[in-house]
Amino acid sequence: MYVVDWLHKQAQHHPDKPALVDSASGEARSYRQVDERASRFAELLAVRWRLAPGARVAVLAGNSADYLEMLYGCAKAGVVMVCLNWRLPATELAPIIDDAQPSALVCGEEFLAVAAAMLAGRPPLPGIVVRGASGAKEVRPAPGTPAGRHRELADWPDYEAALDASSGRIVEMPCRPMDEAWYLLYTSGTTGKPKGVIQTYGMAFFNAVHAMLATKLTGDDVLLAALPFFHTGGLNLYANPILFAGGTVVVMRQFDAGEALRWLETEITQFLGVPAVYLFIAQHPRFADARFAKMRHWSAGGSPMPLALLETWAKKGVTICFGFGMTETGPTVFIPDEATARAKPGSVGKPVGTMLTRVVDAQGRDCAPDQRGELLVKGPGVTPGYWNNPEATQSAIRDGWLHTGDVAYFDEDGDYWIVDRLKDMFISGGENVYPAEIENLLYRMPGVAEAAVIGVPDPKWVEVGLAVIVLEPGAWLDEASVQAYCRERLAGYKVPRHVRFVDALPRTPAGKIEKPALRQRYGGAT
């Protein structure tokens with residue numbers, strides 16, 4: 001099987017339909033325009049830079065319509081796009097550059113200093129600068145940033161000039177094999193060296209099909225893309241599927257709750273956010289009076305969603321379909337229908353489309369209903385592996401099944417529940433403790449805005465829970481009141497032995513609470 005140039009297809013069928021819209025300015029680009037601009041970028045890659053098929057081009061830039069044009073330009077040229085996380089410092093980006101070995105770089109102008117430090121001591125690369133496209137805050141040069149390299153990058157031609165210099169001839173992507181790499185998404189590296197998850201054309205195709213099956217997505221839909229494009233949620237939930245179907249993607253350069261509300265109340269029909277995004281929107285002063293006239297489907301993923309937050313949105317008549325996926329699964333594995341989401345809050349439903357799942361115990365035996373174990377996933381949405389890392393590939397994918405590292409179970413109806421990450425579970429006095437269960441309870445406690453629970457060492461019980469809490473404005477709580485609240489509602493071994501109050505919780509670029517940072521800070525709590 002193969003994948004065709006679906007951007008070009010839509011440009012033929014609906015040339016004047018808006019494909020991409022900038023959320024801040026309202027500027028729209030039609031499918032004809034996006035197809036032409038992607039073709040111009042492909043010509044830059046293949047003709048002027050002479051990048052061979054399979055070569056890599058790294059992109060260090062924020063969200064913009066340009067970013068998606070570049071992605072499809074890479075497809076037309078057969079070049080692999082390396083989506084760099086612009087929130088990482090140069091010291092963390094440099095190993096990714098060494099791993100991916102890109103032959104060119106596209107850089108947002110606000111990241112020139114980071115790029116200069118990232119490329120220090122490495123051979124020069126051809127490149128272009130995206131000027132003022134991402135809206136991200138300026139990143140100042142770090143001490144020791146090589147001034148010469150910084151000036152070299154600043155003198156690169158800008159993106160628009162590079163496109164203008166191309167012929168304008170439309171390039172239609174040749175049919176691509178399902179297993180051919182299209183782009184690389186690197187894991188956060190919180191558990192070690194960052195791994196480049198290979199994203200194939202087949203993964204993108206089947207993810208689009210799965211999104212259509214699960215959300216009834218069509219060409220009439222308008223998506224608000226609020227997550228960063230260096231993350232699978234930004235590109236695939238549901239920007240690529242919307243473009244596959246011929247709909248419209250409204251691109252947020254950076255997430256802003258007020259701007260998101262403005263769009264959600266007017267033009268948007270499809271939206272996906274991580275729990276933090278839904279939390280920030282719900283905390284906005286305009287949320288109480290907001291009405292979502294055109295919204296057709298709400299979904300969420302990324303990390304466990306507190307039931308209290310689901311209930312906050314349900315009071316406005318909004319059913320959030322909380323699903324599950326990973327960078328390694330393309331990402332869609334589960335998205336429940338609205339009936340299941342209402343009847344079983346917190347359930348991710350049944351696996352979508354072609355995706356297959358199992359739950360196994362520590363010995364690899366299939367679990368019975370309601371028995372907790374590790375979730376395994378198989379199907380055409382699963383990555384073939386990690387770039388230049390056969391050891392990690394063999395460890396994660398065994399006998400055709402991806403071992404997710406997530407604890408899950410399914411009920412008698414076959415609906416699944418994601419309990420927690422295996423690495424987040426801790427054992428206290430011989431009992432398994434799942435932090436997500438305690439966090440769900442804490443989110444219901446009056447005065448608690450956000451909460452995270454980790455296991456910390458204890459001389460008697462080996463590990464005990466520590467709750468890290470952000471209070472609502474004007475609220476007051478102490479350790480004793482939090483523990484008393486939990487003790488009334490949880491088994492004793494689950495009650496956090498320690499409580500810390502902070503102004504904000506650390507988050508990953510995808511909006512997940514960064515538990516490794518909390519463990520590093522509080523791991524020796526007594």
Side-chain angles (χ1 to χ4, degrees), residues 87 188-191 273-280 282-283 300-312 346 405-407 418-429 431-526:
R87 290 175 175 162
S188 62
T190 55
T191 58
V274 296
V277 163
Y278 278 103
L279 177 66
F280 297 151
Q283 291 173 341
S303 58
M305 190 138 187
L307 294 178
L309 186 56
L310 291 173
E311 292 167 358
T312 296
D406 286 277
V407 180
I418 308 300
V419 178
D420 215 332
R421 293 289 292 165
L422 272 174
K423 63 185 180 184
D424 289 340
M425 183 196 82
F426 61 92
I427 300 175
S428 184
E431 299 283 355
N432 292 349
V433 180
Y434 298 97
E437 178 185 4
I438 307 167
E439 291 160 1
N440 261 319
L441 176 64
L442 290 173
Y443 270 94
R444 295 175 177 274
M445 185 176 185
V448 173
E450 295 185 84
V453 175
I454 60 173
V456 296
D458 183 82
K460 181 177 181 181
W461 304 108
V462 183
E463 286 184 294
V464 294
L466 181 147
V468 186
I469 292 174
V470 178
L471 295 176
E472 293 176 345
W476 183 89
L477 293 171
D478 62 9
E479 183 175 70
S481 60
V482 171
Q483 291 170 332
Y485 181 86
C486 293
R487 196 170 290 111
E488 292 176 1
R489 297 163 176 84
L490 293 172
Y493 66 89
K494 298 179 184 180
V495 175
R497 186 62 56 94
H498 310 286
V499 181
R500 300 289 186 270
F501 297 95
V502 298
D503 294 331
L505 293 172
R507 292 189 179 278
T508 69
K512 300 178 184 179
I513 294 172
E514 196 171 11
K515 296 256 177 117
L518 293 177
R519 293 190 193 98
Q520 185 175 8
R521 181 175 179 182
Y522 298 110
T526 56

For this session: Considering non-hydrogen atoms only, spot the tightest contact between Pro275 and Leu309 and give its length.
Result: O-CD2, 3.5 Å
Problem set entry | Heavy-atom donor-acceptor pair, Asp420 side chain to Met425 backbone, under 3.5 Å | no
Seminar exercise, completed: Closest non-hydrogen contact found for Tyr522 with Arg500 is CE2-CG, 3.7 Å
Seminar exercise, completed: Rounded to the nearest 0.5 angstrom, the OH-CD1 distance for Tyr493 and Ile427 is 11.5 Å
Exercise. Taking all non-hydrogen atoms of both residues, which atom of Pro306 and which atom of Asn440 are closest, and how far apart?
Worked result: CA-OD1, 2.9 Å
Exercise. Of the non-hydrogen atoms in Ala449 and Tyr443, which two are nearest, and what is the gap between them?
Worked result: O-CE2, 3.4 Å
Seminar exercise, completed: When rounded to the nearest 0.5 Å, the distance separating CG of Leu505 from CD1 of Ile513 is 5.0 Å
For this session: Go through Arg444 and Glu311 one step at a time and tell me if the salt bridge (charged side-chain N to carboxylate O under 4.0 Å, His left out) criterion holds.
Result: CA-CA 10 Å; Arg444 295 175 177 274; Glu311 292 167 358; 2.9 Å; yes
Problem set entry | CE-OH distance between Met445 and Tyr485, expressed to the nearest 0.5 angstrom | 7.0 Å
Problem set entry | Main-chain N/O of Glu463 paired with Ser428 side-chain donor or acceptor, under 3.5 Å | yes
For this session: Can you see which heavy atom on Leu310 is nearest to which on Gly346, and at what distance?
Result: CD1-N, 4.0 Å
Problem set entry | Partner of Val433 under side chain to side chain contact (heavy atoms under 4.5 Å, CB included), chosen from Asp424, Val464, Ile438 | Ile438
Counting only pairs under 3.5 Å, give me each side-chain donor-acceptor contact of residues 466-478, with atom names and distances, residues two or more places apart or in other chains.
residue	atom	partner	partner atom	Å
Asp478	OD1	Ala480	N	3.4
Asp478	OD1	Ser481	N	2.8
Asp478	OD1	Ser481	OG	2.9

For this session: Output the distance between atom CZ (Arg521) and atom CD1 (Ile454), rounded to the nearest 0.5 Å.
Result: 10.5 Å
Problem set entry | Separation between CG of Leu441 and SG of Cys486, rounded to the nearest 0.5 Å | 5.0 Å
Problem set entry | Side chain to side chain, Arg497 and Trp461, heavy atoms closer than 4.5 Å | yes
Exercise. Side chain of Lys512, backbone of Gly302: donor and acceptor closer than 3.5 Å?
Worked result: yes
For this session: Would you check, one step at a time, whether the test salt bridge (charged side-chain N to carboxylate O under 4.0 Å, His left out) holds for Glu439 with Lys515?
Result: CA-CA 13 Å; Glu439 291 160 1; Lys515 296 256 177 117; 2.7 Å; yes
Problem set entry | Backbone of Val495 reached by a side-chain donor or acceptor of Gln483 within 3.5 Å | no
